[in-house]
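Everything on this sheet refers to the single structure shown next.
Values below: every heavy atom of this structure, side chains too, minus hydrogens, waters and symmetry copies. None of these values were measured; they are calculated from a predicted model.
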Amino acid sequence: MKSKLLSAQYYPHILMLLVSALVIRLVSLALYPLMDTTEARYGEMARLMSETGNWLTPQFDYGIPFWGKPPLQNWLSASFIELFANNEFFLRLPHFLVGLLVLCLVVKLAKQFAINGLTVATILTTTTVFYVCMGTVMTDMGLLLGLTLALVGFYLAWQGQYLWGYAGFVGLAIGLMAKGPVAVAIFGIATYLWMVWAVGPVKMWRQLWQRVPLLSGLMLLLALTLPWYVMAEQATPGFIQYFIVGEHWSRFVDSGWEGDLYGTAHDEVRGTIWIYFAVACVPWSIFIPRGLYRIYQNINSTKVAYAKAACASVTFVEEEQEDGENKGFDDFTKFLLCWMAAPLILFTFAGNILPAYVLPASPALALLIAYAWRNASINRFMIIANSIPLLLVIALVVLNSGVSKDKSDKWLLSQRVYDLPVYYWLKQPFSSRYYSEGKAVIVNDEQQLDQLNQQPYYIVVSKHQLTEQGSFGSCYLESETRSKVLMLCGEN
């Protein structure tokens, strides 16, 4: 982790790296199918929104409301279906563009502290969890945009740019429309911890009132979010109870929550989120200890220089003489640490977690590393940053070599020769719904199966189920993957 002085000749290389990484990610959006479960589920929900014209309530299936998340992700992808086409590229493109907006916000904050914008943008772009999520159909990029805007707006408002306080409330509104109250919880943890640490538990309330437009900002927040929540509850009564109590309390405290209508729990040991953070934010998470040490050294060496200058001019502040006093991190470093820690602290107490839950911490991580090396370059920076785009290219090669056939039913359904109905025996993945345009149907018992034999059809069966079932009448193997078979049945 050695470093050398940052030269202006270094900037074109960083720019080329950043542009290359973003172009690779952009091109990759069209090079692999929607994967089960998360991507295919949200992709199908966006397709349903576009097909049915119901932009108020996301649908889990035809006529079945989805109460698990607000509609921002569906609005984004469904809008691009309407404007362009229904395919993987345009479903993912709005999430890529949201990632670019996050990069712009991070660069804006970086410039306030003389941090090179190219460096921080490159670090964030090549952070694994950010690079993956900025091209993935899911709710997390909307949450990231909302939280980044909220925290950047808050800090700039605190620094005297009052109007940015309103941008912060707009960010909270985006978070509430992307993933719900969890956005407010993460924002609240980050800002409260920072104010207590940097300002003081008493003084902070007075300054908060003076620096941030609390009342007018809150009214703006409610105006942007409350109408949808009210209309969603009116359209499908029970939404508020399930979403607020179920998704944001029952799911949080009970990793095996039986009330989950849409999936299965991800039961992990409490505190696993910190391991997820270390792994999902490679390669830059390994630079955190060294980065904090550099910041500490820089700050305290500056204080020593100031004290010596004060002594030479016979103008010495008594507090500076006290051994160890005023040493530590500056307010900006404290803010970044609180921002980075907030989602990890929140999800430390939850067992129902996923690696993507660390995504809100990634902008703070990028800013922290760039701030630590703001006057120097990280040794082998180009090699380290290039590693993540390179790994994506390798992953694409692996996926297209046949691995994706078991992660998505796109290939299997494309093997159909005839335009016939498609059925799934006992279990149906979301990718089958999306790639059949909602026409594939699940069959749950043999009575239904017997009724199908009146006309030709296709049926998809897992190899495990095929072994248990033994036979499917007059069905013939059409195609197969390592885990499933596509059979043509009742052919005349």
Side-chain angles (χ1 to χ4, degrees), residues 68-70 72-73 98-99 101-102 105-106 109 124 127 129-130 133-134 138-158 164-165 167-198 204 208 212 214 217-218 221 224-225 229 243-244 247-249 251-253 266 268 270-278 280-281 285 334-368:
K69 298 292 184 295
L72 182 60
Q73 180 278 321
V98 165
L101 291 177
V102 172
L105 287 169
V106 170
L109 185 59
L124 180 54
T127 298
V129 68
F130 181 85
C133 289
M134 77 180 301
M138 58 198 306
T139 59
D140 296 87
M141 284 306 294
L143 174 65
L144 178 65
L145 174 62
L147 278 171
T148 304
L149 179 56
L151 288 161
V152 169
F154 168 83
Y155 199 72
L156 292 179
W158 197 278
W164 271 93
F169 281 100
V170 172
L172 286 177
I174 293 172
L176 282 168
M177 296 304 294
K179 210 154 188 176
V182 67
V184 178
I186 294 173
F187 174 82
I189 292 171
T191 53
Y192 178 79
L193 290 179
W194 176 76
M195 287 188 294
V196 170
W197 190 7
M204 69 181 196
L208 178 65
V212 178
L214 291 177
L218 180 60
L221 171 64
L224 292 173
T225 58
Y229 278 85
F243 182 62
I244 302 299
E247 286 283 324
H248 287 83
W249 177 252
R251 177 186 289 275
F252 188 86
V253 300
H266 307 278
E268 304 292 347
R270 299 302 192 273
T272 303
I273 194 71
W274 295 86
I275 299 174
Y276 282 172
F277 171 75
C281 289
S285 55
K334 293 176 181 177
F335 181 72
L336 296 179
L337 286 172
C338 292
W339 177 351
M340 187 167 60
L344 310 183
I345 292 172
L346 177 65
F347 291 113
T348 292
F349 304 100
N352 195 7
I353 57 174
L354 293 168
Y357 289 5
V358 309
L359 182 62
S362 59
L365 168 63
L367 284 161
L368 183 70

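For the pair Lys179 and Lys69, the minimum side-chain heavy-atom distance is below 4.5 Å. Two residues are said to be in side-chain contact when any heavy atoms from C-beta on lie closer than 4.5 Å; Tyr357 and Leu143 fail this criterion. Residues Asp140 and Phe130 form no side-chain contact, since every pair of their non-hydrogen atoms from C-beta on lies 4.5 Å or further apart. No side-chain heavy atom of Pro355 sits less than 4.5 Å from a side-chain heavy atom of Val129. Within the 4.5 Å cutoff, side-chain heavy atoms of Val182 are placed close to those of Phe347. Side-chain contact check for Leu176 versus Leu221: some heavy-atom pair is nearer than 4.5 Å.
The minimum heavy-atom distance linking Thr127 with Ala280 is given by the pair CG2-O, 4.4 Å. The heavy-atom pair separating Phe243 from Pro181 by the smallest distance is CE2-CD, 3.8 Å. Residues Thr139 and Ala178 come closest through the heavy atom pair CB-O, 3.8 Å. The shortest heavy-atom contact between Ser285 and Ala278 is OG-O, 2.7 Å. Trp158 and Met204 get closest at one heavy-atom pair: CH2-O, 3.9 Å. Across Leu147 and Ala183, no two heavy atoms sit closer than the pair CD2-O, 3.2 Å.
In this view, Leu344 and Ile273, Trp274, Phe277, Val358 satisfy the side chain to side chain contact (heavy atoms under 4.5 Å, CB included) rule, not counting sequence neighbours. Remark: Thr191 pairs with Leu151, Phe154, Phe187 by the side chain to side chain contact (heavy atoms under 4.5 Å, CB included) rule, at least two apart or across chains. Contacts of Ala198 classified as side chain to side chain contact (heavy atoms under 4.5 Å, CB included), with partners at least two apart in sequence or in another chain: Trp194, Asp331, Lys334.
Atom OH of Tyr229 is surrounded by more than 12 heavy atoms from other residues, nucleotides or ligands within 6.0 Å.
Between the CD1 atom in Ile353 and the OG1 atom in Thr272 there is a gap of 5.0 Å [rounded to 0.5 Å]. Rounding to the nearest 0.5 angstrom, the gap separating the CD1 atom in Ile174 from the CG atom in Leu72 is 7.5 Å. Separating the CG atom in Leu336 from the CG atom in Leu109 is a distance of 7.0 Å, to the nearest 0.5 Å. Taken to the nearest 0.5 Å, the CG atom of Leu368 stands 5.0 Å off from the CE atom of Met340. Expressed to the nearest 0.5 Å, how far CG of Leu359 lies from CG of Leu354 amounts to 12.0 Å.
A donor-acceptor contact shorter than 3.5 Å is absent between the side chain of Thr148 and the backbone of Leu145. Without hydrogens or angle criteria, Trp339 side chain to Pro360 main chain gives a donor-acceptor distance under 3.5 Å.
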